[in-house]
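The model shown is predicted, which means the values in this text are computed figures rather than measured ones. Protein chains get the first letters and strands the later ones, always in sequence-line order, with residue 1 at the start of each.
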Amino acid sequence: MSIPSFEDIIEPNDQTAARAEHLEKLRELVGNVYPNKFSRSALSGDEDTVTALKQWDAVASIEAEMADVKSKLGEGERPPAEVKDDMNERLRALGTVRIAGRLTTPPRGNFVHLTDGISKLQVYCKKGAFSVVRNDIQDLLDFPDSWTVWQLLDHGDFIGVEGYLFVTNTGEVSVHIEKLQFLAKALLPMPDKMHGIEDPEIKQRRRYVDLIGSSLAVEHDGLTTREVFERRAKLISSIRRYLEDHGYIEVETPMLTPKATGAAAKPFKTHHNALDIDLYARIAPELYLKRLVVGGFEKVYELNRNFRNEGISYKHNPEFTMLEFYCAYMDVNGMMDFCEKMLQESVQKATGGLVIEYEGNKIDFSNFRRISMAEAVSEPGAIATGLSDSDLLEKFENDVEHTLIQPTFIVDFPKSISPLSKASPENPQIAERFELFINGMEVANGFSELNDPKEQYDRFVDQMAQREKGDEEAMVLDEDYVRALSYGMPPAAGIGIGIDRLTMLLTNKHSIRDVILFPHMRPEKQFATEDTDSTEES
RNA sequence: GGUCCGAUAGCUCAGUCGGUAGAGCAAAUGGCUUUUAACCAUUGGGUCCCAGGUUCGAGUCCUGGUCGGAUCACCA
């Protein structure tokens with residue numbers, strides 16, 4: 001296949017031409033236009049980012065004072081000169097700052113804002129009163145070359161500045177530049193500064209530019225893209241901390257497996273050349289994790305990707321992040337208790353409260369309902385009886401599931417659809433299994449783990465029979481897993497929690513694609529998929 | 001896979017009944033030594049997603065396609 005040219009990739013236009021020309025002129029003035037580093041340091045020596053600098057006590061307190069002064073001013077009035085002078089004296093005494101970032105606007109006049117992706121900091125340069133670092137040799141450019149460099153900066157470029165802090169006439173804390181260093185060029189134009197990128201396709205395909213746009217956008221509904229993924233990260237780290245605080249150990253089990261089993265789903269298939277065998281991307285880590293319970297890891301978890309070769313929808317992506325964990329000697333009820341507490345803690349940490357707003361609904365995590373599937377499909381006070389397992393499930397999925405807005409554990413699943421869970425001691429037709437529903441969406445699935453190897457074998461055989469009958473998603477017999485259980489597994493409970501869906505809830509996003517940085521999409525036509533066969537050894 | 005909706009300048013979007021392709025931001029040029037999304041003036045910038053069709057004439061109407069979104073089915 002032909003290799004696309006650089007121009008094919010960046011698609012030149014008048015804007016890129018101007019930027020490329022600026023880059024060449026800058027190269028003549030400063031030498032290397034892509035220098036290797038810029039040492040950032042600010043007042044106490046620890047503030048390396050714009051955000052850290054703005055949050056540092058001395059700076060934050062002056063900003064707070066100024067906000068107070070400005071709040072008492074009328075429209076168009078400026079802070080009194082004596083207030084400003086006093087602050088400037090205090091700021092000047094703090095010393096020199098070295099700070100770097102991306103330009104959030106084109107340089108206009110003498111001002112520009114730098115961003116670290118979170119906060120913005122204004123910098124001011126006085127024509128003729130600052131120098132530009134030459135990146136090729138230890139030397140400085142002075143006026144008029146320094147001013148030329150300033151004028152060659154574009155919206156989106158990276159610069160580093162050295163200078164002192166001051167407040168402007170309008171009361172904004174800014175850096176007065178003494179030295180400026182050019183750090184990197186943006187050859188492509190930045191997104192609209194008011195709206196960022198709105199086209200959902202470009203937002204998802206080019207998440208980097210969505211992130212640039214969303215951090216700079218003035219107007220946005222709800223969380224910015226960056227905030228969505230920061231909240232996702234907070235959720236995940238708080239879950240990890242909670243599990244580790246409770247004695248769980250994180251493990252990694254195979255993603256490429258000889259058998260796709262442990263869940264009801266269609267797998268992705270691939271091929272290992274050296275071994276000449278087919279492998280499947282895992283659909284669940286479940287059976288590997290329980291092998292570890294057999295081996296003596298009494299509390300074990302894995303938080304990573306699963307792959308299912310199925311449809312794409314607002315709540316399905318071919319690869320999705322799932323938390324699975326197992327606890328020895330626990331049953332389904334203990335697992336529901338633990339899950340409830342863990343989710344409450346995580347929601348609190350990620351959002352700051354237990355009540356979230358999702359698509360107009362208030363969802364309260366402070367109390368999870370528990371009702372049986374039979375109760376859920378029945379009129380109040382009259383439990384439906386005589387339904388077959390499949391009718392019960394169908395009625396539940398069609399009539400009830402979407403009505404479960406508040407966190408609700410549905411318990412007492414039919415055993416026939418739960419091939420890995422233990423039967424209830426009271427009713428052999430019922431599995432000790434639950435699913436957690438929030439906003440009509442399944443978020444978790446857990447059960448008392450079946451640990452009788454012979455019964456597990458029989459259940460697999462039953463699944464294989466259904467497979468024979470054409471059920472592509474019936475579970476595949478895993479002989480080694482049956483062997484593992486035969487070494488003895490303690491009673492245990494396990495759970496799987498859909499992290500993407502939980503994130504959707506906590507970020508008020510309707511689509512799973514909005515909470516996955518790079519969701520699955522068709523490849524762009526002009527950049528065909530790589531022909532991997534041609535790289536194969538012959 | 002079914003149904004519905006969408007694609008116009010780098011970005012955000014208008015475009016009436018089928019009659020010369022528009023605005024704001026961004027860009028270029030000039031001015032400006034403290035501006036707060038948008039300083040002032042001037043200028044340039046279009047395969048109206050693609051391919052057909054109807055028409056004197058199509059961004060606009062019709063058919064097919066591509067890509068995307070919503071929704072239903074399947075699924076977690």
Side-chain angles (χ1 to χ4, degrees), chain A residues 10-19 21-22 70 76 78-79 84 88 104-113 120 122-130 143 147 150-151 154-156 166-174 176 186-205 209-210 212-213 216-219 263-266 283-284 306-324 397-398 401 435-437 441-445 472-473 496-502 504 510-514 521-526:
Chain A
I10 68 163
E11 300 176 43
N13 54 40
D14 60 326
Q15 317 238 353
T16 61
R19 287 165 180 270
E21 195 187 322
H22 294 167
K70 282 161 84 172
R78 291 186 164 182
K84 198 187 73 165
N88 278 340
T104 68
T105 53
R108 216 180 0 251
N110 305 78
F111 287 94
V112 76
H113 282 88
K120 291 197 294 187
Q122 178 166 270
V123 299
Y124 166 76
C125 83
K126 192 168 179 174
K127 190 174 179 176
F130 73 104
F143 188 82
W147 186 245
W150 176 262
Q151 290 175 307
D154 287 306
H155 182 190
F166 74 112
V167 288
T168 61
N169 288 342
T170 52
E172 180 165 343
V173 172
S174 310
H176 191 120
L187 285 175
L188 289 170
M190 293 293 109
D192 186 278
K193 66 184 168 199
M194 275 298 277
H195 309 92
I197 298 285
E198 297 280 356
D199 180 341
E201 180 177 355
I202 298 179
K203 278 171 87 77
Q204 292 165 15
R205 281 195 195 282
V209 75
D210 175 31
I212 295 168
L216 307 186
V218 176
E219 286 180 350
K266 286 175 232 158
I283 55 175
N306 288 345
F307 307 86
R308 299 191 182 175
N309 205 343
E310 288 159 358
I312 294 175
S313 80
Y314 76 95
K315 54 180 174 175
H316 296 91
N317 194 60
E319 54 180 300
F320 62 101
T321 300
M322 177 117 119
L323 164 69
E324 278 200 20
E397 287 178 348
N398 292 338
E401 211 176 286
E435 286 188 357
L436 172 63
F437 291 87
M441 201 161 53
E442 185 191 333
V443 169
N445 176 14
E472 279 186 273
E473 296 183 353
I497 298 179
I499 297 297
D500 310 285
R501 289 183 178 183
L502 198 52
M504 286 166 67
H510 179 66
S511 170
I512 198 168
R513 304 154 83 76
D514 290 332
M521 301 188 85
R522 278 195 178 80
E524 292 179 78
K525 230 186 329 188
Q526 67 269 37

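Closest approach to the A:M521 side chain among B:A70, B:G69, B:A38 is made by B:G69 (side chain taken as heavy atoms from C-beta onward). Checking B:U12, B:A76, B:U34 against every side-chain atom of A:E198, the shortest atom distance belongs to B:U12. Checking B:G10, B:C11, B:U34 against the side-chain heavy atoms of A:D192 singles out B:C11 as nearest. For A:Q15, taking side-chain heavy atoms from C-beta onward, the closest of the listed nucleotides B:U33, B:A27, B:A28 is B:A27. Nearest to the side chain of A:A264, among B:U33, B:A76, B:G68, sits B:A76. Nearest nucleotide to the side chain of A:I197, out of B:U33, B:U12, B:C72: B:U12. Distance from the side chain of A:R205 is smallest to B:C67 among B:C67, B:C72, B:U34. Side chain of A:P200, nearest nucleotide from B:U33, B:A27, B:G69: B:G69. Distances were taken from every side-chain heavy atom of A:Y314 (C-beta onward) to each of B:G68, B:C72, B:A27; the shortest belongs to B:C72.
A:R522 comes within 4.0 angstrom of sugar-phosphate atoms only, judged by non-hydrogen atoms across all strands, and of no base. If you check every strand for non-hydrogen atoms under 4.0 Å, A:N445 touches nothing. Looking at heavy-atom distances under 4.0 Å, A:Q204 makes contact with sugar-phosphate atoms alone, never a base. Across all strands, A:N398 comes closer than 4.0 Å to no nucleic acid atom at all (heavy-atom distances). In this structure, A:F166 reaches the bases: a heavy-atom distance under 4.0 Å links it to at least one base atom across the strands shown. As judged by a 4.0 angstrom heavy-atom cut-off over every strand, A:H176 is placed among residues making no nucleic acid contact. A:A18 comes within 4.0 angstrom of sugar-phosphate atoms only, judged by non-hydrogen atoms across all strands, and of no base. Looking at heavy-atom distances under 4.0 Å, A:N13 makes contact with sugar-phosphate atoms alone, never a base. Within the nucleic acid shown, A:E442 comes within 4.0 Å of sugar-phosphate atoms alone, with no base atom in reach, counting heavy atoms only. Within 4.0 Å of A:K266, counting heavy atoms only, lies no atom of the nucleic acid at all. At a threshold of 4.0 angstrom between heavy atoms, the contacts of A:D14 include nucleobase atoms, whether or not backbone atoms are also involved. Across all strands, A:A284 comes closer than 4.0 Å to no nucleic acid atom at all (heavy-atom distances).
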Between the protein and nucleotides 3-9 of chain B, which nitrogen or oxygen pairs are less than 3.5 angstrom apart?
none

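For B:U47 and B:U60, the P atoms lie 16 Å apart once the distance is rounded to whole Å. Spacing of P atoms, B:A7 relative to B:C48, comes out at 14 Å, to the nearest Å. The separation of B:U63 from B:G6, taken at their P atoms, amounts to 14 Å, rounded to a whole angstrom. A gap of 12 Å separates the C1' atoms of B:G19 and B:U55, to the nearest Å. Nucleotides B:A14 and B:U8 place their P atoms 10 Å apart, quoted to the nearest Å.
Look at CG on A:D500: it is 14 Å from P on B:A76, rounded to the nearest Å. Between A:H155 atom NE2 and B:A38 atom P the separation is 11 Å, expressed in whole Å. Atom CD in A:E21 sits roughly 18 Å away from atom P in B:G44 (whole-Å rounding). A:I202 has its CD1 atom 16 Å from the P atom of B:C67, to the nearest Å.
Inter-residue side-chain proximity for A:D514 and A:Q204 is flagged as met; some heavy-atom pair is nearer than 4.5 Å.
B:A76 has its base stacked against the ring of A:F320, the centroids being under 5.5 angstrom apart at an interplanar angle below 30°.
Within a 6.0 Å radius of CD in A:Q151, more than 12 heavy atoms belonging to other residues, nucleotides or ligands are found.
When Watson-Crick and G-U wobble pairs are counted only if both distances are under 3.5 Å, B:G18 pairs with no nucleotide at all. Nucleotide B:U33 is matched to nothing when pairs are restricted to Watson-Crick or G-U wobble geometry with both distances under 3.5 angstrom. Nucleotide B:A58 has no partner under the Watson-Crick or G-U criteria, as no pair reaches both atom distances under 3.5 Å. Nucleotide B:A7 is matched to B:U66 when pairs are restricted to Watson-Crick or G-U wobble geometry with both distances under 3.5 angstrom. Using the Watson-Crick or G-U wobble rule with both distances under 3.5 Å, B:G46 pairs with nothing in any strand shown.
Where A:I312 and A:A263 each meet RNA chain B at their nearest nucleotide, the meeting point lying more 5' is that of A:I312.
Dashed line: the shortest gap from a side-chain N or O of A:K193 to OP1 or OP2 of B:A26 is under 4.0 Å. The side chain of A:R513 contributes an N or O atom lying less than 4.0 Å from OP1 or OP2 of B:G69.
Ring-plane geometry between A:Y314 and A:H510 is classed as parallel, the angle between the planes falling under 30 degrees on a 0 to 90 degree scale with a further cut at 60.
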(message) Walk me through whether A:K127 and A:N110 qualify under side chain to side chain donor-acceptor pair (under 3.5 Å).
(response) CA-CA 8 Å; A:K127 190 174 179 176; A:N110 305 78; over 6 Å; no
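Using modelled atom types, no side-chain atom of A:R501 and backbone atom of A:V443 make a donor-acceptor pair closer than 3.5 Å.
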